[in-house]
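Heads up, the thing below is written out as structure tokens.
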Amino acid sequence: MIDMLDEPWRTIGDVLGAHGPAVNAAQSYTPTDYSIHFFLQIAVILLVCRVVGWAAKKFLGQPQVVGEMIAGVLLGPSLFGLFFPDLQAALFPKETRNILYVCAQVGVGLYMFLVGTTLRLDHFQSKAKSAVGVSVAGIVAPFLFAALITPFLLDIPGLFADGLGQGSATLFMGACIALTAFPMLARIINERGLANTSLGTLTLTAGAFDDAVSWCVLAIVLATFGGGPGIALLAIVGGLGFAAFMYFFGRRLLIPLGRAVEARGEMSDTMLSIVLMLFALCAFVMDAAGIHAVFGGFILGVCMPRGKLTEEIKRKVGPITILLVPVFFTYSGLNTQLSTVNSLSLLAIALGILLVSIAAKFGACWLAARLAGEDNRTALGIGALMNARGLMELIIINIGLQKGIIGPTLFAIMVLMAIVTTVMAGPLFEIVYGRKARAAGALGALGSEDQHGEALKVRPA
């Protein structure tokens with residue numbers, strides 16, 4: 001009788017196990033095992049991200065996206081895995097991470113595609129001087145600061161790989177400090193009502209350029225670390241060549257799509273398939289070039305004809321990102337272990353890197369915007385937004401960890417820097433720019449954006 005009662009419980013407990021044939025003295029995962037894990041993972045990810053996002057917005061005044069980033073870290077080994085290691089390992093086994101990775105890339109790539117469709121090129125052209133100045137400052141200052149602190153960091157065992165040269169270490173640190181949280185910046189801009197403003201366009205453009213440069217620098221570091229010069233050459237030439245092709249020729253080739261949707265009055269399923277196919281190809285090109293898939297989606301969105309086509313894209317593609325974007329945050333969080341920063345000296349180093357990063361990004365971008373003719377309030381708002389690093393930082397340091405460039409301790413320190421600079425971006429922006437702009441009617445109230453993240457138009461008082 002007892003065996004009959006125990007059997008169902010053993011069966012339920014075995015659901016998340018591997019059921020394939022033995023491989024290297026362990027059970028392998030069958031397609032059904034992957035499917036079972038995937039659907040349960042999606043349910044847990046969506047639940048935790050919505051709850052933490054709601055709490056972050058209600059109690060901390062943070063946008064939903066920051067809560068999702070924190071939720072991703074909480075689901076990893078830093079909290080969930082720390083207190084419930086067996087349950088965390090059963091829910092997110094390493095064998096299923098590749099599936100989550102692909103879903104994460106699709107989700108964040110589609111989101112950046114939507115962001116690209118909202119970019120106002122006329123705003124960029126009117127603010128070209130400021131955008132170029134902010135971009136250059138956001139690159140030069142971080143690398144100068146990195147050159148100052150890297151020799152000190154190289155003397156501390158375990159932060160960088162043994163035998164890594166000072167030049168490569170400096171380039172890597174510079175790329176990390178120069179990064180802007182491009183996907184997260186886009187969501188913050190949308191959620192703060194800046195999607196159709198010149199400030200939002202300027203910041204997105206500068207952030208995109210800074211991230212592209214950082215990825216090119218990372219390719220150079222990988223080349224000097226054993227990847228070969230072809231990696232760096234492919235990233236730089238391929239990325240710039242693709243962007244130039246899309247801007248000068250791609251926009252013309254896409255015009256018939258816009259005309260077809262305008263004539264029909266809606267987007268057919270066939271047209272949607274064509275658009276998604278083009279998205280996948282652009283993401284492939286940027287990924288294959290060694291930059292990142294998100295830039296392929298963003299560039300395609302920028303080049304899409306405005307009008308009914310982009311409206312239909314937002315309506316039909318937007319809801320998909322609600323499902324897939326949280327996977328992006330969780331995947332990165334699963335690779336984050338904060339417990340390695342476990343001494344006062346390491347905490348002091350973490351604080352020093354944080355302060356240097358803020359000074360290099362926030363301070364330099366503010367100064368560049370002021371020199372370009374922006375008023376002080378706008379310049380401070382740009383600096384606050386550009387200082388956020390988010391999960392683009394997590395991606396690049398994950399690559400550094402996987403390639404053996406940095407150790408787990410420096411990885412954890414850079415994760416802390418990414419979280420703090422991202423969490424502070426929204427409140428700091430509201431203090432220096434948002435509150436006064438909303439009071440003056442230049443921006444809508446927080447949370448007034450529609451479901452696709454496009455800011456609602458604010459009627460003048």
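Since this is a predicted model, take the numbers as computed values, not measurements. Sequence positions, counted from 1, serve as the residue numbers for this chain.
Using a 4.5 Å cut-off on side-chain heavy atoms (C-beta onward), S135 and T205 make no contact. Side-chain atoms of L159 and I406, non-hydrogen and from C-beta on, never get closer than 4.5 Å to each other. Using a 4.5 Å cut-off on side-chain heavy atoms (C-beta onward), F429 and L199 make contact. Put simply, the side chain of R97 does not reach to within 4.5 Å of the side chain of Y101, judged on heavy atoms. With a 4.5 Å cut-off on side-chain heavy atoms, L410 and F160 count as touching. Counting heavy atoms from C-beta on, the side chains of I313 and M304 come closer than 4.5 Å. Using a 4.5 Å heavy-atom cutoff, the side chains of C176 and I397 are in contact. Contact annotation: the side chain of C365 never approaches that of N387 to less than 4.5 Å [non-hydrogen atoms, C-beta and beyond].
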Between I382 and W366, does a side-chain contact (heavy atoms from CB on, under 4.5 Å) hold up when you go through it step by step? CA-CA 7 Å; I382 292 171; W366 164 79; over 6 Å; no

Go through the steps for L380 and I431 under the test side-chain contact (heavy atoms from CB on, under 4.5 Å), then give the verdict. CA-CA 10 Å; L380 288 172; I431 292 173; over 6 Å; no

Under the side chain to side chain donor-acceptor pair (under 3.5 Å) rule, what do Q41 and T96 come out as? Steps first, then yes or no, please. CA-CA 10 Å; Q41 288 168 350; T96 65; 3.0 Å; yes

Stepwise, does the side-chain contact (heavy atoms from CB on, under 4.5 Å) test hold for V302 with Y247? CA-CA 8 Å; V302 170; Y247 183 79; 5.7 Å; no

Stepwise, does the side-chain contact (heavy atoms from CB on, under 4.5 Å) test hold for Y111 with L324? CA-CA 9 Å; Y111 186 83; L324 296 179; over 6 Å; no

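If you take CD1 on I45 and CG on L100, they are separated by 5.5 Å, rounding to the nearest 0.5 Å. Interatomic distance, L91 CG to D86 CG, rounded to the nearest 0.5 Å: 12.5 Å. For the atom pair OG (S214) and CD1 (I139), the distance works out to 4.5 Å, reported to the nearest 0.5 Å. Here the straight-line distance linking atom CZ of F172 with atom CD1 of I177 works out to 10.5 Å at 0.5 Å rounding. If you take CE on M112 and CG on L300, they are separated by 12.5 Å, rounding to the nearest 0.5 Å. E393 CD to T421 OG1: the interatomic distance, rounded to the nearest 0.5 Å, is 7.0 Å.
Nearest approach of P151 to Q166, heavy atoms of both residues: CG-NE2, 3.4 Å. When all heavy atoms of A206 and V134 are compared, the closest pair comes out as CB-CG1, 3.8 Å. Residues A364 and A137 approach most closely at O-CB, 3.5 Å, considering heavy atoms. Across every non-hydrogen atom of M69 and F329, the tightest pair is CA-CD2, 3.6 Å. Closest heavy-atom contact between L114 and G318: CD1-CA, 3.5 Å. The two atoms that bring G381 and V432 nearest to each other are N-CG2, 3.8 Å, heavy atoms only.
Using modelled atom types, no side-chain atom of Q105 and backbone atom of A293 make a donor-acceptor pair closer than 3.5 Å. A donor-acceptor pair is defined here as one N or O able to donate and one able to accept, closer than 3.5 Å; no such pair exists between the side chain of D287 and the backbone of F284. T150 contributes no side-chain N or O that, together with a main-chain N or O of A147, makes up a donor-acceptor pair within less than 3.5 Å. H37 places a side-chain N or O within donor-acceptor distance of the main-chain N or O of A90, the cut-off being under 3.5 Å. Checking side-chain atoms of T378 against main-chain N and O of E374 turns up no donor-acceptor pair under 3.5 Å. Not one N or O on the side chain of S168 forms a donor-acceptor pair closer than 3.5 Å with the backbone of G165. Between the side chain of R435 and the main chain of Y433, no donor-acceptor pair closer than 3.5 Å is present. For R50 (side chain) and W54 (main-chain N/O), no donor-acceptor pair under 3.5 Å exists by modelled atom type. No side-chain donor-acceptor contact under 3.5 Å links S35 to the backbone of P31. Side-chain atoms of S78 come within 3.5 Å of backbone N or O of L338 as a donor-acceptor pair.
Using cut-offs of 30° and 60° for the angle between ring planes, the F113 and F279 rings count as tilted.
No more than 12 heavy atoms of other residues, nucleotides or ligands sit less than 6.0 Å from atom CZ of F83.
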Using atom types as modelled, flag every donor-acceptor pair under 3.5 Å from a side chain in residues 349-363 to any protein atom, sequence neighbours excluded.
unit_1: S357; atom_1: OG; unit_2: I353; atom_2: O; d: 2.7
unit_1: K361; atom_1: NZ; unit_2: G138; atom_2: O; d: 3.1
unit_1: K361; atom_1: NZ; unit_2: A178; atom_2: O; d: 2.5
unit_1: K361; atom_1: NZ; unit_2: T180; atom_2: OG1; d: 3.4
unit_1: K361; atom_1: NZ; unit_2: D210; atom_2: OD2; d: 2.8

